[in-house]
Amino acid sequence: MSLDLEIREQRREKLEAMRQGGADPYPRRFAFSHTLAEVDSAYAATTAEALEAERVPVAVCGRLMAVRGHGKAGFGQLLQDGTRLQIYVRQDSVDADSFALWKDLDLGDFIGVHGYVFRTRTNELTVHAERLEFLSKALLPLPEKWHGLQDVEARYRQRYLDLLNPDVRRVFERRAKMVQSLREQFLARGYLEVETPMMQPLAGGAAARPFRTHHEALDIPLYLRIAPELYLKRLVVGGLERVFEINRNFRNEGISTQHNPEFTMLEFYEAYSDYRVLMDWSETLLAELARQVTGGTEVEFRGERLDFSHCRRLSLRAAIREFWPAGAGAAPEIAALHDPAHERSIAERYNAFAHSSGAAAVPLESAGEGALLTAVFEHVAERHLLQPTIIYDFPVAVSPLAKNKADEPAWVERFEIYAGGMEIANGYSELNDPEEQHRRFLQQLTLRERGDAEAHALDQDYIRALSYGMPPTAGEGIGIDRLAMLLTGSASIRDVILFPLLRPETQGPV
RNA sequence: GGGCCGGUAGCUCAAUUGGCAGAGCAAGUGACUCUUAAUCACUAGGUUGAAGGUUCGAUUCCUUCCCGGCUCACCA
């Protein structure tokens, strides 16, 4: 028998013995007087003498994480909701049943402790036990007490064990605080929080491969949403002029340190606004977010200090010039970047450099007009954009839902925010001309026919909604997971998602 | 999907260019009434991810496969 099973067998026997003795090993509740955190904060400043005089009675509970026995006495450490507190059990202070229970406890068991607060000789705040109650059993042993769970796969598969590690717990607490801060900032700006369909008959609003499912009763195919965009803008048509949604998107694409098939997006729209307004608002939003979550505007990410107090602004074309690799010859002239005729030669020049230096080349084949320049930007600049940076003005070919620039119709009023070398946000002035939107969808269809599985589908109902009239509107999506990576210093998106997608275990758990 | 790295006791990790698979924690027994990674003594715990191959002998070398990590490509 493996040791694991042996331990479980021994612990089952303890449970059985408890039942034989008339006790319920899984009792229903414990009426605690204080949480461990409350004990901690209430008596943090109280001296040993004052506690001794007062003998404050408490009833506390938690998971037993450490035991240091001394024969007829002993110390234990309880863990409750992230707080640890020491207990002291001595034979001459508790009843016989409680002491027998104490001797029989395993690490990981849950107990309730009645007693009083005191300080040990080393001045540690401790509950002096007078009675113990058994609350629940750990049949399986917990991970190693000092190192915790280290195996990366086990950490993700058994997150409940990983979360016992305070550093891991802190990441998810901070993520929660982040979402709360964002929500509060949007509510303060007069936004309404909404929920739009996660299952859609057409997966629109972004360029990505969707997950497909099927509704039995209606007998129709449905797609898990790749973005909420088209629904949120329908709401703006309906007069909900400031809306935001924090929810999951699903994209049937690769998994990496920056990609999980389901990820959380904050997406928002405000009427009578444009991308200039959103650039300003995003900048203050991020700065305030960093302040509320970390207490400052600077964070450490992959060895870099990132400063969220402001965003640098750079046009896409300027970014290509600035980050054009030295080995690729002179950076493209501004005039060339404005002339579609030069787009291909710019990409080819970059690719010549890429081939000689071993860097990834820009795929030339399927790209439509304007898409090449965007691809060049991503290859040349993205990984250099460590400090928060707004990149603005994109080609219309890669932005089928964004409004054209007044003075340059082949380009749109769109921006993306980069930090830590990752794209974390994407926003634009929304295209609200239904006829132009229809033409854009048709262009996407021709891409689709050419084999681009990620090109937008034609959403007639969305065209109809726009035809009723949508005010000038600006909208933006912010990737919550990546932002959480930045604000928690996590190198992988899996470290900020409680249960990241993994291949299922072939051999079931023990 | 490509490249690189990894998988050894429940957990964290060792194992000498191929030579008896080990330690700490956790577990069991015993000692111990102020410890805090408690201490001390003893005990038990292994199909070294799987299947083949080379060899007198494989955790170690080779092949295939499984699982994971990093990275590149696609994407946010």
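Because the structure is predicted, anything quoted here is derived from the model rather than measured. Below, chains carry the letters A, B, ... as their sequence lines are ordered, and counting in each starts from 1.
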Handout entry: A:Arg157 with A:Glu153: basic N within carboxylate O range, under 4.0 Å
Key = yes
Handout entry: Residue A:His147, side-chain atoms from C-beta onward, closest of B:U12, B:C70, B:A76
Key = B:U12
Practice task
Flag the pair A:Glu283 and A:Arg313 as a salt bridge only when some basic side-chain nitrogen lies within less than 4.0 angstrom of an acidic carboxylate oxygen.
Solution key: yes
Problem - Rounded distance in Å between the P positions of B:C62 and B:U16 - result: 16 Å
Practice task
Return yes if the base of B:U12 and the side-chain atoms of A:Asp151 contain a donor-acceptor N/O pair under 3.5 Å, otherwise no.
Solution key: no
Problem - Separation of the C1' atoms in B:C13 and B:A21, to the nearest angstrom - result: 13 Å
Fill in the blank from the handout: Encoded 5' to 3' (Watson-Crick or G-U under 3.5 Å; [ ] crossing; | other strand), RNA chain B becomes (((((((..((((.....[..)))).(((((.......))))).....(((((..]....))))))))))))....
Exercise for the section: Compare the minimum distances between each of B:C67, B:C34, B:G28 and the side chain of A:Gln10, then state the nucleotide with the smallest one. Expected result: B:G28
Handout entry: First encountered from the 5' end of RNA chain B, between A:Lys145 and A:Glu253
Key = A:Lys145
Heteroatom pairs (N/O) under 3.5 angstrom, protein to nucleotides 40-42 of chain B:
none

Throw together a table of side-chain donor-acceptor distances under 3.5 angstrom for residues 418-425 of chain A, partners on residues two or more places apart or in other chains.
from: A:Tyr418; atom 1: OH; to: A:Glu416; atom 2: OE1; distance (Å): 2.5

Exercise for the section: Taking only Lys NZ, Arg NE, NH1 and NH2, and the carboxylate oxygens of Asp or Glu, determine whether A:Arg248 and A:Glu262 approach each other closer than 4.0 Å. Expected result: yes
Exercise for the section: Keeping to residues at least two apart or across chains, list the salt bridge (Lys or Arg N to Asp or Glu O under 4.0 Å) pairs with something in residues 378-402 of chain A. Expected result: A:Asp393-A:Lys405
Exercise for the section: In whole angstrom, give me the gap between the C1' atoms of B:A9 and B:A27. Expected result: 12 Å
Handout entry: Donor-acceptor pair under 3.5 Å, A:Glu144 side chain vs B:G24 base
Key = yes
Handout entry: Aromatic plane relationship, A:Tyr116 with A:His128 - under 30° parallel, 30 to 60° tilted, over 60° perpendicular
Key = parallel
Practice task
Could you state the atom-to-atom distance from CD1 of A:Ile7 to P of B:A44 in whole Å?
Solution key: 16 Å
Exercise for the section: Indicate, with a heavy-atom threshold strictly under 4.0 Å, whether A:Glu124 touches base, sugar-phosphate, or nothing. Expected result: base
Exercise for the section: Can you figure out which of B:C67, B:U33, B:G28 approaches the side chain of A:Arg503 most closely? Expected result: B:C67
Handout entry: Presence of A:Thr257 side-chain N/O under 4.0 Å of B:U71 phosphate oxygens OP1/OP2
Key = yes
Practice task
Quickly work out the A:Ile87 CD1 to B:U35 P distance and round it to whole Å.
Solution key: 17 Å
Got a list of protein N/O to nucleotides 2-8 of chain B N/O distances below 3.5 Å?
none

Practice task
Output all residues satisfying ring pair (Phe, Tyr, Trp, His ring centres under 6.0 Å) with A:Phe250, sequence neighbours left out; order by chain, then residue number.
Solution key: none
Exercise for the section: Sticking with atom C1', work out how far B:U12 lies from B:G7, rounded to a whole angstrom. Expected result: 14 Å
Problem - Of A:Asp495, A:Asn260, A:Ile497, the residue whose pairing with A:Asp481 passes side-chain contact (heavy atoms from CB on, under 4.5 Å) - result: A:Ile497
Problem - Rounded distance in Å between the C1' positions of B:C11 and B:G46 - result: 15 Å
Practice task
State whether A:Asp81 and A:Arg169 are salt-bridged, where the test is any N-O pair (Lys NZ or Arg NE/NH1/NH2 against Asp/Glu carboxylate O) under 4.0 Å.
Solution key: yes
Practice task
Give the ring-plane orientation class for A:His384 versus A:Phe323, where under 30° counts as parallel, over 60° as perpendicular and anything between as tilted.
Solution key: parallel
Completion exercise
Closest to the side chain of A:Pro141, out of B:U12, B:C34, B:G10, is B:G10
Practice task
Using the closest heavy atom to pick a nucleotide of RNA chain B for each, name whichever of A:Val67 or A:Asp106 lands nearer the 5' end.
Solution key: A:Asp106
Practice task
Report the distance from atom CZ of A:Arg383 to atom C1' of B:C72, rounded to the nearest whole Å.
Solution key: 12 Å
Practice task
Measure from the ring center of A:Trp281 to the ring center of A:Phe186 and say whether it is less than 6.0 Å.
Solution key: yes
Exercise for the section: Indicate whether A:Phe75 forms a stack on B:A38; treat it as stacked only if centroid distance is below 5.5 angstrom and interplanar angle below 30 degrees. Expected result: no
Problem - Atom pair distance, as rounded to whole Å: CG in A:Asn165 and C1' in B:C25 - result: 16 Å
Problem - Basic-acidic side-chain contact under 4.0 Å: A:Asp106, A:Lys137 - result: yes
Problem - Proximity to the side chain of A:Ala360 - top-ranked nucleotide from B:C11, B:C34, B:A73 - result: B:A73
Problem - Length of the CZ-P vector between A:Arg68 and B:C25, whole Å - result: 14 Å
Practice task
Check the distance between B:G28's C1' and A:Lys103's NZ and give it to me in whole angstrom.
Solution key: 14 Å
Handout entry: B:G2 to B:C65 separation - P atoms, rounded to the nearest Å
Key = 10 Å
Exercise for the section: Determine the interatomic distance between P on B:U8 and the same-named atom on B:U47; round to the nearest Å. Expected result: 12 Å
Handout entry: Atom-pair distance (CH2 on A:Trp146; P on B:U12), nearest Å
Key = 16 Å
Exercise for the section: Could you measure between the two C1' atoms, the one in B:G19 and the one in B:C61, and give it in whole Å? Expected result: 15 Å
Practice task
Would you verify whether the NZ or CZ of A:Arg90 falls within 45 degrees of the ring axis of A:Trp102 while also being under 6.0 Å from that six-membered ring's centre?
Solution key: no
Exercise for the section: Send over the distance from A:Tyr428 OH to B:A76 P, rounded to a whole Å. Expected result: 11 Å
Practice task
Check whether any side-chain N or O of A:Thr488 sits under 3.5 Å from a backbone N or O of A:Ala484 as a donor-acceptor pair, and report yes or no.
Solution key: yes
